[in-house]
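This report concerns only the one structure given below.
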Amino acid sequence: WASLAKIKELWQGVAEVLPDFLKKRWLGIVLVGYLVILVPFGLWRGIATAHDSLVPGFTSSRLLGVSQYLREHGQPGEVVFQVDWSTFPLLWYHNPHSYYLTGLDQTFMYEAGPARYWEWLAIVRGERRQAYELMRDKFGARYLLVEKRAAAVLLWVNRDERFKRVYEDLDVLLYQL
């Protein structure tokens, strides 16, 4: 409460030097000042952040190699266990013949079956030692697609010899189950 008292005391000091018409409209003045100064700065920062994230460039060929591998070596309808749902659009664009567990958003998996979703999430987080069996038997997966930044998954995948690495590029690893 001491800080509120200091703010009130400070405002009273400021209010003494303000003309009467400003005293009555102080909230409006603060709001206008906020809009004039902070909103443009926030917009500029958002645009700069978006620009910085796109500088390396977005290319629709990002997952082309792994998609081609799946198309050439897999059978139509085989399940690909993805660790990250955001890989779906490019995978499906390049290879619509495979079946991907999470497309567009993992919320759809949850809505279809919460227990299955929680099992998928536990695997993705690296919390299941029997991940190979769960992927193969419960999810029916033939392949595991892992982005190299998924450290939790790679930790246990690299310790289990049953995962056979069949494809690798700069972004992803593909394992056959």
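Keep in mind that the numbers below use all heavy atoms, side chains included, and drop hydrogens, waters and symmetry copies. Note that the numbering runs from 1 along the sequence shown for the chain. Since this is a predicted model, take the numbers as computed values, not measurements.
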N/O donor-acceptor pair under 3.5 Å between Arg162 side chain and Glu133 backbone: no
N/O donor-acceptor pair under 3.5 Å between Gln106 side chain and Tyr117 backbone: no
Val80 and Phe88, any side-chain heavy atoms less than 4.5 Å apart: no
Student check: side-chain heavy atoms of Leu177 and Arg142 closer than 4.5 Å: no
Non-hydrogen atoms of [X] and [Y] that approach each other most closely:
| X | Y | result |
| --- | --- | --- |
| Ile123 | Phe139 | CD1-CE1, 3.8 Å |
| Gly140 | Val79 | O-CB, 3.3 Å |
| Lys148 | Leu173 | CE-CD2, 4.0 Å |

Rounded to the nearest 0.5 Å, what's the gap from [atom1] on [X] to [atom2] on [Y]? Could you check?
| X | Y | atom1 | atom2 | result |
| --- | --- | --- | --- | --- |
| His97 | Gln75 | NE2 | CD | 11.5 Å |
| Leu90 | Leu64 | CG | CG | 9.5 Å |
| Arg149 | Leu154 | CZ | CG | 11.0 Å |
| Lys138 | Gln130 | NZ | CD | 10.0 Å |
| Arg116 | Met109 | CZ | CE | 6.0 Å |
| Glu111 | Thr107 | CD | OG1 | 7.5 Å |

Partner of Leu144 by side-chain contact (heavy atoms from CB on, under 4.5 Å), out of Val166, Val83, Leu174: Val83
Whether Phe81 and Trp120 hold their rings parallel, tilted or perpendicular, with breakpoints at 30° and 60°: tilted
Trp118 and Tyr110 aromatic ring geometry - parallel, tilted or perpendicular at 30°/60° bounds: perpendicular
Selection residues 145-165 - residue pairs positive for ring pair (Phe, Tyr, Trp, His ring centres under 6.0 Å), sequence neighbours left out: Tyr132-Phe163, Trp156-Phe163
